[in-house]
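A short write-up of the structure that comes next.
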There are 4 protein chains.
Amino acid sequence: MGVTMDGTKQQRRGNTRQRIQDVALALFAEQGYEKTSLREIAERLGVTKAALYYHFKSKEEIIVSLFEDLTRPLGELVEWGRQQPPTLETKQEIIRRYSAALAAAAPLFRFMQENQATVRELRIGDTFRQRMMGLRNILIDPDARLADQVRSVSALFTLHAGMFVLQDIESDPEKRREAVMEVAIDLITQAHQGTRDRD
Amino acid sequence: MGVTMDGTKQQRRGNTRQRIQDVALALFAEQGYEKTSLREIAERLGVTKAALYYHFKSKEEIIVSLFEDLTRPLGELVEWGRQQPPTLETKQEIIRRYSAALAAAAPLFRFMQENQATVRELRIGDTFRQRMMGLRNILIDPDARLADQVRSVSALFTLHAGMFVLQDIESDPEKRREAVMEVAIDLITQAHQGTRDRD
Amino acid sequence: MGVTMDGTKQQRRGNTRQRIQDVALALFAEQGYEKTSLREIAERLGVTKAALYYHFKSKEEIIVSLFEDLTRPLGELVEWGRQQPPTLETKQEIIRRYSAALAAAAPLFRFMQENQATVRELRIGDTFRQRMMGLRNILIDPDARLADQVRSVSALFTLHAGMFVLQDIESDPEKRREAVMEVAIDLITQAHQGTRDRD
Amino acid sequence: MGVTMDGTKQQRRGNTRQRIQDVALALFAEQGYEKTSLREIAERLGVTKAALYYHFKSKEEIIVSLFEDLTRPLGELVEWGRQQPPTLETKQEIIRRYSAALAAAAPLFRFMQENQATVRELRIGDTFRQRMMGLRNILIDPDARLADQVRSVSALFTLHAGMFVLQDIESDPEKRREAVMEVAIDLITQAHQGTRDRD
DNA sequence: TATGAATGAGGCTTCATTCAT
DNA sequence: GATGAATGAAGCCTCATTCAT
């Protein structure tokens, strides 16, 4: 990511657009969208602000492009989930895949988590929310007890917590991931079982 | 100017400071801290920007004051928790009280949840994080299995989710609160039991 | 206009708004609207750009305010004209008063004449055009021969020409004004007579 | 890119230069010179900005070239006029020919009329002004009464008015042209007669 | 208790132009 | 005959802040 391949003075081939995205995401995630200025991004890249505008029409377009690129797996996951039978196995698999997607696009998710106020006003907000709700609808049985519905959502939230606030509880990321998965799977299972029990 | 003609609209009895805080919190929660300008706050109040500076030394001080006022219950909760024995009952009571604190200062918590990037850079960030960690340390048994530690944190997160993302799952706030509590209490209980089981 | 009353260091009382308008009009007339930057205006006044924004919401508002202030006499003229009987005397009086209005707001009219492309896109454009058409409708008899209608419009245009392109034909402004008036009055009279003749 | 697939849309036979001029003139006339950007011109043509620079050294050169191409007839008219005797017939013929020139290069004249502020700063300004003054000098008898000199100039202005502001008075362009010509010829004749009368 | 007037820094964006390919 | 990539200058505007009154 953003790593120079030959180590020399940053080859400016066709990769500037990519480099802008990388740097922007890093800064957005670190400081927030509004506090990150285009000047900062440009300076970090050793380019002029105007160069950014050759590649993106506006500041918002930078973040939208990031979002579109990095969020696709989530869309595909929803798509996939919709076509599966609503079994416990499916739900567990969704949790697993979602966790993987989260890990793969960690900086973006961190950004979205920490800048919800911003995201809400950007036109991305809606798309993202829709996808999350798609996911939720697959996990949740609308006839289930309310508490079990909460459990399903909680499973997702637990994964998020695992990415962003549990770093000081256990430093080994692998162990952390395992523990988090255990809880999430447990929650989704209880939610599913609860539903069954009533039958 | 400033003269009360009818006594209706102007209750300014020296409560301007309070009114500033109210309006500011509403706007911060709605649009985020950076996107809310002092001009906006002043306009909403029918005052001049300069007036804000009579009551607060800076923009940051406004939010810090809000934070200090609204977050005190959380501090007291931690204080209280520290003096209790680490029983299951204590933990459950903490969950209950935290939920109440959350409800009482909903806009502020919403703000903090949605503007983490900002909060992190403000000097409040630390205080808040410390309190949250205080809470966590009371709930968590450091010798517990990692998954059980995750469960404890998850309980807190579930309460948050209950405030902010479960509104479309069930519109009756009272039912929602009950269901959320059930899950959170359940999680904390499992976490505690898991710990005991190993003994 | 913009003249300091006491000669000392520009007294900054409540006249800054006025001074901005003066300087802006001068520059707009001299260089055109687009080529005049706010920086230039501010520098000429010994103020910051930001100060301009304390008095006007945008660059466009500066010109709109100028337009509104300076164009009022024209509106009143149209109003007056509408209430007079459509006699030759009325029309001649309109020509005379229009000429006076032109002289009184010469820089603005010069600006509008030389920046029509700009004016068209500003929201002022319409108002101005409407007033000019109001004037024309008073001068023109819709049943008159086309050539006589043209004469009426030509009378107005002659007045404009008198202000802006005849300066090198005769340097004494008073004589110039007289000659221009003679031709304009002559044109409007012919137009009126032509109409009568057909009766 | 640039490959003609069907031969329809692309007649690029080295006529790009011409196409640039056409588009530029259209845009300059519509929006003004300063408000028209090279990006806009390029986009409208389906070319890159850089392509414009292959054909013209600068933005100014585009307009200068337009001016030079389209204004030549005016130069020739002045040339021709200078060699004629200063009779009434000559003057009338000049009015006629000028009207024709105006019609032939309407967009350019419209542009010049509506962007005088810009034109003045471009180096074209002088040339154009000189030509107009040449024309005027042919029409005007320096010994004539001032009012008659004004009449001569007014005749030219009437032609301009005919092109640009009389469109709503009479929609049939042919009738309009006739009426305008009548008035202009009339004015120039009066101017000439006035001069003679004094003899 | 507040306002009116202003500032300095910095934000996003657009422009004409250049140059290697 | 034209493009892709970039630059430097400048534009308009907004913000938090100050201070005399």
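Both backbone and side-chain heavy atoms feed into the values below; hydrogens, waters and symmetry mates do not. The model shown is predicted, which means the values in this text are computed figures rather than measured ones. Convention: sequence-line order gives letters A, B, ...; per-chain numbering from 1.
In this structure, the CD atom of B:Glu43 is 13 Å from the C1' atom of F:dC15, given to the nearest Å. Rounding to whole angstrom units, CD1 of residue D:Ile41 and P of E:dC15 are separated by 11 Å. Rounded to an integer number of Å, the gap from A:Gln18 CD to F:dA5 P is 14 Å. Taking atom CD1 of B:Ile62 as the reference point, atom C1' of F:dT17 lies 12 Å away to the nearest angstrom. Residue B:Glu61 contributes atom CD, which lies 12 Å from atom P of F:dT18 at whole-angstrom precision. For the pair C:Lys35 NZ and E:dC15 P, the interatomic distance rounds to 16 Å; values are reported in whole Å. Spacing between atom NE2 of B:His55 and atom C1' of F:dT17 amounts to 17 Å, rounded to whole angstrom units. Rounded to whole angstrom, the span from the CD1 atom of C:Ile20 across to the P atom of E:dA5 amounts to 11 Å.
The shortest distance between the side-chain N/O atoms of C:Thr48 and the OP1/OP2 oxygens of E:dA6 is not below 4.0 Å. Considering only side-chain N and O atoms, C:Thr16 lies under 4.0 angstrom from the phosphate OP1 or OP2 of E:dA6. In terms of phosphate contacts, D:Arg39 brings a side-chain nitrogen or oxygen within less than 4.0 Å of OP1 or OP2 of E:dC15. Between F:dT14 and B:Ser37, no contact under 4.0 Å exists linking OP1 or OP2 to a side-chain N or O.
Place C:Leu52 and A:Ser58 on DNA chain E by their nearest nucleotides, and C:Leu52 ends up nearer the 5' end. Both C:Leu38 and D:Lys49 lie close to DNA chain F; mapped to their nearest nucleotides by heavy-atom distance, the more 5′-ward contact belongs to D:Lys49. Where A:Glu40 and B:Arg17 meet DNA chain E, the nucleotide closest to each residue was compared, and B:Arg17 sits on the side nearer the 5' end. Between A:Tyr54 and C:Tyr33, the residue anchored nearer the 5' end of DNA chain F, judged by the nucleotide with its closest heavy atom, is A:Tyr54.
Taking a pair to require two hydrogen-bonding distances under 3.5 Å in either a Watson-Crick or a G-U wobble arrangement, E:dG8 pairs with F:dC15. Using N1 to N3 plus N6-O4 or O6-N4 for Watson-Crick, or N1-O2 and O6-N3 for G-U wobble, each under 3.5 Å, E:dA2 pairs with F:dT21.
For D:Gln130 and D:Asp126, the side-chain atoms include no donor-acceptor pair closer than 3.5 Å.
Taking the charged nitrogens against the carboxylate oxygens, B:Lys35 and B:Glu40 have no contact shorter than 4.0 Å, which rules out a salt bridge. With respect to B:Glu43 and B:Arg39, a salt bridge is recorded, a charged nitrogen being found less than 4.0 Å from a carboxylate O.
Figure legend: C:Lys59 and C:Tyr53 shown without cation-pi pairing, the cationic atom not lying both under 6.0 angstrom from the six-membered ring centre and within 45 degrees of its axis.
Considering CD1 of C:Ile41 and CD1 of C:Ile20, their distance stands at 8.5 Å, rounded to 0.5 Å.
Remark: the A:Lys59 side chain and the E:dT13 base include no donor-acceptor N/O pair separated by less than 3.5 Å.
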